[in-house]
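One structure is given below, represented as structure tokens, and several questions about it will come after.
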Amino acid sequence: MQHLTDEVLDLAIVGTGPRGISVFERIAAQLAAEPEPRHVRVWLIDAVELGAGRIWRVDQESCFLMNTVVGEISMFSGVPDGRPCRPGAGLSFHQWLGTQPDPELTALGRDDYAPRYAYGRYLHHVYDAVRRDMATRGEVTELTGRVTAVRERAERYELTVTSHPQDAAAEEHTLTVDAVVITTGHAEAELSEHQRALTDHARTTPRLRYLSGDSAADLDLHTIAPRTAVGVVGLGLSFYDIVMSFTVGRGGRFKDSPDGTVFYVPSGNEPWVVAGSRSGLPIRSRGRNQKGVTERAAPKFLTSAAVGRLREQRVRRDGTPALDFDRDVLPLLLAEVSYAYYTTQARQQGGAEQAARLGEQLAALGPEPARWRAVAERSGLHDPAPVDLERLARPLHHRRFGSGADLVAALRGLLVDDIAEAGRGNVDGPLKAALDAIRDSREVLRHAVDFGGLTARSHRVDFLGRFASRTSPLFTGPPRSRTAQFLALIDARVLDVVGPEVAHGHDAERGRFYLESPAVDGSRKHCDVLIDSRIPTPGLVRNTDPLLRQLVAERMAGGFTHGTADEAYATGARHITAADRRGGAADGRPHRALYALGIPTEGACWFTQIGNGRPGVSTSFTRDADVIALSVLRRAKSHAVQ
């Protein structure tokens with residue numbers, strides 16, 4: 001075992017995807033702002049690709065798209081100022097794309113969706129700019145390897161790093177640092193009992209294969225032979241990556257018809273894909289973007305001030321806040337949704353003045369959309385019914401279909417309408433403007449739910465169990481072109497769907513896997529390859545990451561649990577402090593300088609999978625990185641004084 005360093009005032013960032021780069025950038029920016037910058041050594045460690053991480057690595061297929069428009073993305077915490085890119089000031093993703101020699105990248109407009117590999121290249125650009133700047137005021141050491149352990153050693157931390165962990169000649173190193181920031185992103189989940197059974201069936205039957213629990217870029221899709229029957233569980237963003245790899249990734253082409261629809265020209269190399277999900281529908285299209293970076297709708301009801309007042313009013317006996325999501329928060333959010341829906345309708349029918357008058361009337365009635373319908377009717381709106389998120393999320397619920405053809409006909413009607421609504425835009429289209437109000441409200445929702453803001457039951461049942469799981473597919477989806485391509489693949493008989501409440505398993509009699517829907521007669525379809533495209537829920541315990549497992553086993557990491565002994569909910573998230581994101585040990589004690597950020601903390605915080613900031617806008621992505629940077633430098637300074 002080689003010992004790398006025993007020097008002090010060292011910082012290790014474990015994971016150099018977007019979260020790790022954001023912390024690195026803010027540390028460098030804070031150092032640059034100090035009158036007498038301190039000498040800091042930063043160790044940058046990644047198991048896959050330094051400067052991009054695993055999810056955004058640059059060797060991905062070009063058909064894998066981001067689901068955020070390029071104009072809304074920046075990894076620099078400040079806008080360009082005419083000087084070279086550096087910590088605190090640099091090009092946004094869209095600006096950087098304009099500097100590239102690849103015409104396919106320079107042609108992307110602000111409201112287009114870029115391939116994921118392009119974002120990986122941009123991350124490298126930001127990473128390199130920060131690394132060069134840090135080299136002028138400290139030291140930067142890069143290690144490609146997997147951190148398998150972090151242990152406390154006399155107020156410092158000893159890291160065990162295995163380089164080339166898949167290689168028989170792997171080397172193990174140790175380094176000792178003052179602070180560690182863990183930003184490792186998605187960890188591959190431990191298989192469930194059902195998944196283990198399916199894996200065992202595949203191992204004992206040569207022609208069967210079972211894949212699950214990872215991004216499409218990490219699944220072995222290329223070795224699946226043409227015309228193989230492939231089942232896919234889940235119809236979210238990962239499903240689209242898989243089906244695009246099977247089609248355009250194998251030489252197929254989408255073309256436009258004279259009537260404006262899309263059709264698919266097969267290459268002959270495609271597998272035959274059958275898919276299903278709980279809702280039975282693919283994740284819905286994002287509305288055509290019509291908003292500038294700073295043009296998010298100003299909240300009328302679900303404001304930070306309103307949430308702050310509620311948290312003061314709803315307190316537990318120990319003085320901590322305890323909101324009920326359905327009672328306290330959801331009505332305010334539904335008011336935002338319906339307000340956007342009604343006022344957008346009014347603007348489209350009668351202009352800005354009519355929309356302003358209606359908005360004043362609705363605001364005067366307060367956040368009660370049930371009382372707004374009469375006002376909407378008097379205003380002559382075409383659709384005065386409030387937005388029903390449950391109906392939108394599960395339009396096939398409680399419906400029965402006599403055949404697969406009946407299901408496809410119903411799907412087509414819903415998806416054609418969705419494409420049309422998305423084409424109207426997220427400003428001019430009433431429905432997509434209403435759904436975008438949820439996206440615009442995410443920062444305030446975090447204020448309400450993060451760090452135990454809700455009661456344990458409400459967080460588990462109301463927020464996660466119903467709201468987040470059902471509404472996220474309504475506003476986090478792909479561009480409408482993907483939905484049109486979904487229909488084109490059905491028409492080309494490359495893709496089939498089984499219906500809602502999909503069940504899947506192994507058919508012992510046939511010796512094959514199957515998918516079926518209880519809502520569709522005769523829906524069972526057999527396949528030889530089964531792919532579970534659903535990204536597993538992050539968990540501190542049920543994962544295969546050796547670092548997380550070591551931290552738990554040695555009680556250096558504790559889980560975040562809502563509530564009290566009488567009403568407790570173990571979220572599966574890693575416990576961190578709200579003030580500066582320091583990790584907590586199993587006994588609740590916060591570590592001196594061991595931090596965690598991003599997906600392993602999902603449950604303590606919400607929607608941690610966001611992988612970018614916004615140009616010139618302060619978001620929680622950048623603020624989270626900044627509080628860690630400030631805490632690291634403050635603690636490093638106090639340690640140096642000692």
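Numbers here are sequence positions counted from 1.
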Practice prompt. Would you check if P18 and N612 make a side-chain contact, meaning some heavy-atom pair closer than 4.5 Å?
Written response: no
Check this for me: R110, atom CZ, are more than 12 non-hydrogen atoms of other residues, nucleotides or ligands nearer than 6.0 Å?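 No.
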Expected list for residues 518-527: side-chain donor-acceptor pairs under 3.5 angstrom, two or more places apart:
| residue | atom | partner | partner atom | Å |
| --- | --- | --- | --- | --- |
| D521 | OD1 | R400 | NH2 | 2.8 |
| S523 | OG | S517 | N | 2.8 |
| S523 | OG | S517 | O | 2.9 |
| S523 | OG | V520 | O | 3.2 |
| R524 | NE | E516 | OE1 | 3.0 |
| R524 | NH1 | D507 | OD2 | 3.1 |
| R524 | NH2 | E516 | OE2 | 3.0 |
| H526 | ND1 | R510 | NH1 | 3.3 |
| H526 | NE2 | D507 | OD2 | 2.9 |

Backbone of V126 reached by a side-chain donor or acceptor of E25 within 3.5 Å = no
Within the 3.5 Å criterion, strictly below it, is a donor on S620 or E443 matched to an acceptor on the partner's side chain? yes
| message | So V69 and Y113, do their side chains get closer than 4.5 Å, heavy atoms only? | response | yes
#### Entry: Distance (rounded to the nearest 0.5 Å) between L414 CG and L392 CG
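Result: 10.0 Å between the selected atoms.
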Requested in this report: Could you tell me whether a side-chain N or O of S267 sits under 3.5 Å from a main-chain N or O of R250, the two making a donor and an acceptor?
Outcome: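 Indeed, once roles are kept as given, a pair shorter than 3.5 Å links the two residues.
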Review point. Mind checking whether T183 and V14 have side chains closer than 4.5 Å, heavy atoms only?
Key: no
Contacts of D383 meeting salt bridge (Lys or Arg N to Asp or Glu O under 4.0 Å) (sequence neighbours excluded), chain-then-number -> none
All heavy atoms of R512 vs all of R207, minimum pair found to be CG-NH2, 3.3 Å
Would you find more than 12 non-hydrogen atoms of other residues, nucleotides or ligands less than 6.0 Å from E390 atom CD? yes
Output the distance between atom CD1 (I610) and atom SG (C605), rounded to the nearest 0.5 Å.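 Result: 11.5 Å between the selected atoms.
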Closest heavy-atom pair, P282 versus Y240, reported as atoms and distance to 0.1 Å, is CB-OH, 3.5 Å
How long is the straight-line distance from CG of L123 back to CZ of R116, given to the nearest 0.5 Å?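 If we round to the nearest 0.5 Å, R116:CZ and L123:CG are 12.0 Å apart.
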Item to check | Value rounded to 0.5 Å, distance of OG1 in T247 from CZ in F254 | outcome: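 Interatomic distance, T247 OG1 to F254 CZ, rounded to 0.5 Å: 4.5 Å.
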**Prompt:** Is a side-chain N or O of R542 found less than 3.5 angstrom from the main chain of A189, in a donor-acceptor match?
**Reply:**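 No, R542 side chain to A189 backbone: no donor-acceptor pair under 3.5 Å.
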Does the side chain of L530 reach to within under 4.5 Å of the side chain of L515, using non-hydrogen atoms?
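Sidechains of L515 and L530: in contact.
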(request) Let me see the working for D111 and R286 under salt bridge (Lys or Arg N to Asp or Glu O under 4.0 Å), right down to the final yes or no. (result) CA-CA 11 Å; D111 301 324; R286 287 269 297 275; over 6 Å; no
Walk me through it: do R412 and V408 pass the test side chain to side chain contact (heavy atoms under 4.5 Å, CB included)?
CA-CA 6 Å; R412 185 177 303 280; V408 169; 4.3 Å; yes
query: Passes side chain to side chain donor-acceptor pair (under 3.5 Å), D418 versus S285? Steps please.
result: CA-CA 7 Å; D418 185 61; S285 310; 2.9 Å; yes
R54 vs S215, side chain to side chain contact (heavy atoms under 4.5 Å, CB included): CA-CA, chis, key distance, verdict
CA-CA 9 Å; R54 180 171 68 94; S215 69; 4.2 Å; yes
Backbone N or O of A217 within a donor-acceptor pair of the R57 side chain at under 3.5 Å?
-> yes
- Test item: R480 side-chain N/O and R288 main-chain N/O as donor-acceptor pair under 3.5 Å: no
One should read off an interatomic distance between D128 CG and I21 CD1, to the nearest 0.5 angstrom, of 9.0 Å
Looking only at heavy atoms, the pair that brings F475 and L435 closest together is CB-O, 3.7 Å
*Using the ring of each side chain (for Trp, its six-membered ring), is H504 parallel, tilted or perpendicular to H194, with breaks at 30° and 60°?*
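Answer is perpendicular, since the angle exceeds 60°.
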May I ask you to say whether R493 pairs ionically with E270, meaning some side-chain N is under 4.0 Å from a carboxylate O? no
Checklist entry - For the side chain of T344 and the backbone of Y341, is there at least one donor-acceptor N/O pair under 3.5 Å apart? => result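 Here the side-chain-to-backbone pair does not exist.
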Using side-chain heavy atoms (C-beta onward) and a distance below 4.5 Å, is P600 in contact with I182?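 No, side chains not in contact.
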Would F263 and T261 satisfy side chain to side chain contact (heavy atoms under 4.5 Å, CB included), going step by step from the backbone distance to the final call? CA-CA 7 Å; F263 67 96; T261 59; over 6 Å; no
Shortest non-hydrogen contact from Q195 to D532?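 Between these two residues, the closest heavy atoms are NE2-OD2, 3.7 Å.
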#### Entry: Plane angle bin for F76 and H125 - parallel if under 30°, tilted between 30 and 60°, otherwise perpendicular
perpendicular
Item to check | pair R196-Y210: side-chain heavy atoms closer than 4.5 Å | outcome: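 No, every pair of side-chain atoms sits at 4.5 Å or beyond.
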Fill in: Backbone N/O of L237 and side chain of R482: donor-acceptor pair under 3.5 Å
no
Check: Ion pair present between R284 and E421, side-chain N to carboxylate O less than 4.0 angstrom?
Finding: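 No salt bridge links R284 with E421.
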Minimal heavy-atom distance between L548 and A187, with the atoms involved, is CD1-CB, 4.5 Å
Heavy-atom donor-acceptor pair, T99 side chain to W96 backbone, under 3.5 Å:
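Flag set: sc T99 to bb W96 pair under 3.5 Å.
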Exercise. So, T601 side chain and L597 main chain: donor-acceptor pair closer than 3.5 Å or not?
Worked result: no
Polar contact flag, side-chain donor to acceptor under 3.5 angstrom, T223-R209:
yes
Quick one: pull up CD in Q485 and SG in C63 and give me the separation to the nearest 0.5 Å.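 If I round to the nearest 0.5 Å, the distance is 10.0 Å.
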Practice prompt. State, with a plain yes or no, whether a side-chain heavy atom of I283 is found less than 4.5 Å away from one of P478.
Written response: yes
_Does either side chain, that of T544 or that of E188, offer a donor lying less than 3.5 Å from an acceptor on the other one?_
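E188 and T544 do not have a side-chain donor-acceptor pair below 3.5 Å.
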Quick one about T16 and D46 (side-chain donor to acceptor, distance below 3.5 Å, no hydrogens or angles considered), yes or no?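 Their side chains do contain a donor-acceptor pair, which is all the 3.5 Å distance test asks for.
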Could you tell me whether the side chain of M244 reaches within less than 4.5 Å of the side chain of D241, counting heavy atoms only?
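Of all side-chain heavy-atom pairs linking M244 with D241, none is under 4.5 Å.
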- Task: On the 0 to 90° scale, with breaks at 30° and 60°, tag the F93-Y122 ring pair as parallel, tilted or perpendicular.
- Result: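 If you compare the ring of F93 with that of Y122, the planes turn out tilted.
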Would you please test L474 and I438 for side chain to side chain contact (heavy atoms under 4.5 Å, CB included) and show each step? CA-CA 9 Å; L474 295 176; I438 305 176; 5.7 Å; no
Decide if atom CZ of R278 counts as having more than 12 heavy atoms of other residues, nucleotides or ligands within a radius under 6.0 Å. no
Notebook entry, point to check: Which heavy atom in P500 sits nearest to a heavy atom in L407, and how many Å separate them?
Noted result: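 For P500 and L407, the tightest heavy-atom pair comes out as CD-CD1, 4.4 Å.
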Only residue of M66, H124, R121 satisfying side-chain contact (heavy atoms from CB on, under 4.5 Å) with W56 is M66
Tell me if a side-chain donor or acceptor on Q60 pairs with a main-chain N or O of A216 at a distance below 3.5 Å.
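Checked: no pair found.
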